[in-house]
Protein chains: 2
Amino acid sequence: MTINQNTFTGEYSYSLDTKGRANIPAKFRGVLSAENEQSFVITRGMDPCVWVYPIIVWQSIEDELRKLSSLSQVNRSFVRSTVRYASSVQYDKQGRIAISPNLIEYAQLEKEVLILGMVNKIEIWNPKLLDSVDKNSQEIDSSQFDELANQIIL
Amino acid sequence: MTINQNTFTGEYSYSLDTKGRANIPAKFRGVLSAENEQSFVITRGMDPCVWVYPIIVWQSIEDELRKLSSLSQVNRSFVRSTVRYASSVQYDKQGRIAISPNLIEYAQLEKEVLILGMVNKIEIWNPKLLDSVDKNSQEIDSSQFDELANQIIL
DNA sequence: GATTATTACCCACAACTACCCACAATGTAT
DNA sequence: ATACATTGTGGGTAGTTGTGGGTAATAATC
């Protein structure tokens with residue numbers, strides 16, 4: 001199947017084991033291009049969740065960051081906050097990645113986690129948090145939300 | 001080629017087997033262009049039904065989503081809701097696709113299902129639900145049709 | 001340097017999925 | 001009317017996937 005590479009969709013209800021490992025859904029591993037060498041960059045999400053990027057995709061983000069001028073205070077702290085918690089991981093023979101205690105705490109992950117495809121990246125959530133956060137942001141900006149839907153959904 | 005490719009019309013009353021598989025009508029498979037490689041993307045519809053897109057069509061939606069910056073909260077929430085329940089499936093040698101329990105529950109599908117051509121996508125319905133939802137649309141008043149008239153010519 | 005903690009690598013297994021074969025019903029051609 | 005191909009439906013099997021845990025290598029601490 002020649003689906004878009006490095007593109008993730010769908011929701012998976014998986015579990016975090018006692019060692020803090022989470023499985024990457026087989027479908028996600030399948031579309032990860034070979035040049036990534038089974039590796040991702042994981043970091044804090046802007047929402048209370050963990051973001052998981054294919055390294056290739058992450059590198060292009062780094063390139064963008066490089067272009068931002070360090071003259072601006074906002075730019076400096078933005079660069080700092082995006083890069084600060086990022087580290088690369090390779091999944092093991094069973095297809096799992098280890099999530100650092102730091103990130104587990106930030107996303108308040110417990111045994112049951114929700115893994116979401118987000119097109120160019122993957123999100124790992126505590127299901128309870130996702131419910132409240134997502135419902136909230138849809139309601140606050142419902143007009144912008146509808147506008148996007150009109151433009152994009154076929 | 002006599003008919004537009006990737007264009008679906010007509011209605012079919014098929015059945016969901018015990019494994020949650022539904023047949024894609026032969027006519028639909030016939031007009032699915034080769035580049036799709038017998039694959040669709042299935043997801044939640046806006047109505048309580050399942051939407052089935054040819055992969056090619058879905059990819060154009062993905063491409064639009066990819067352009068949205070994750071710095072904006074509405075964007076994140078929109079991408080999440082659009083992609084969350086979407087997954088790609090290839091039909092088997094008998095022409096069937098597997099529908100996930102998640103989607104079956106959402107569309108309240110039972111053994112007997114209605115498969116509808118919807119021009120650029122396919123809908124799968126519980127016949128009972130379609131009746132009640134469509135009854136409401138019969139009551140669309142003429143002003144709403146006037147608005148539509150600006151967008152489409154029949 | 002010895003001991004403990006942490007990480008990476010490997011094996012095991014149950015549950016699930018994809019793949020294949022079979023068959024009846026329907027449609028088509030001879 | 002008969003033979004043949006196609007289509008929709010059911011089910012069995014082998015391989016894959018998610019999950020738990022064990023062991024060796026590495027790092028950290030005293």
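Since the model is a prediction, treat every value here as computed from it, not as a measurement. Below, chains carry the letters A, B, ... as their sequence lines are ordered, and counting in each starts from 1.
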I would like to know whether A/R66 and A/D63 meet salt bridge (Lys or Arg N to Asp or Glu O under 4.0 Å); could you show each step before the answer? CA-CA 5 Å; A/R66 238 186 294 278; A/D63 289 343; 2.9 Å; yes
Using distance alone, with no hydrogens and no angle criterion, decide if A/Q73 and A/R76 have a side-chain donor and acceptor under 3.5 Å apart.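 The criterion, which ignores hydrogens and geometry beyond distance, is satisfied for A/R76 and A/Q73.
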With the criterion being N/O to N/O and under 3.5 Å, what pairs connect the protein with nucleotides 12-17 of chain D, and how long is each?
{"from": "D/dG12", "atom 1": "O6", "to": "B/K19", "atom 2": "NZ", "distance (Å)": "2.2"}

Sugar-phosphate only, base, or nothing, as touched by A/T18 at under 4.0 Å among non-hydrogen atoms: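 Answer is nothing: A/T18 stays at 4.0 Å or more from every strand.
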What integer distance in Å separates B/Y12:OH from D/dT9:C1'?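 After rounding, the reported distance stands at 17 Å.
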B/F28: what forms a ring-ring contact (aromatic ring centres under 6.0 Å, His included) with it, not counting sequence neighbours?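 Listed in chain order: B/F8, B/Y12.
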Pairs in or reaching into [range]: which pass ring pair (Phe, Tyr, Trp, His ring centres under 6.0 Å), with residues at least two apart or in two chains?
| range | answer |
| --- | --- |
| residues 52-77 of chain B | B/Y53-B/W58 |
| residues 134-154 of chain A | A/F145-B/F78 |
| residues 88-121 of chain B | none |

Whether the side chain of B/S60 engages the backbone of B/V57 through a donor-acceptor N/O pair (distance < 3.5 Å, no angle test) should be reported.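 A pair under 3.5 Å: yes.
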Of all of residues 91-104 of chain A, which get a heavy atom below 4.0 angstrom from DNA chain C, listed by number?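 Close to the strand are A/K93, A/Q94, A/R96.
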Counting only heavy atoms not in A/E147, do more than 12 sit closer than 6.0 Å to its CD atom?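 Count not over threshold, so no.
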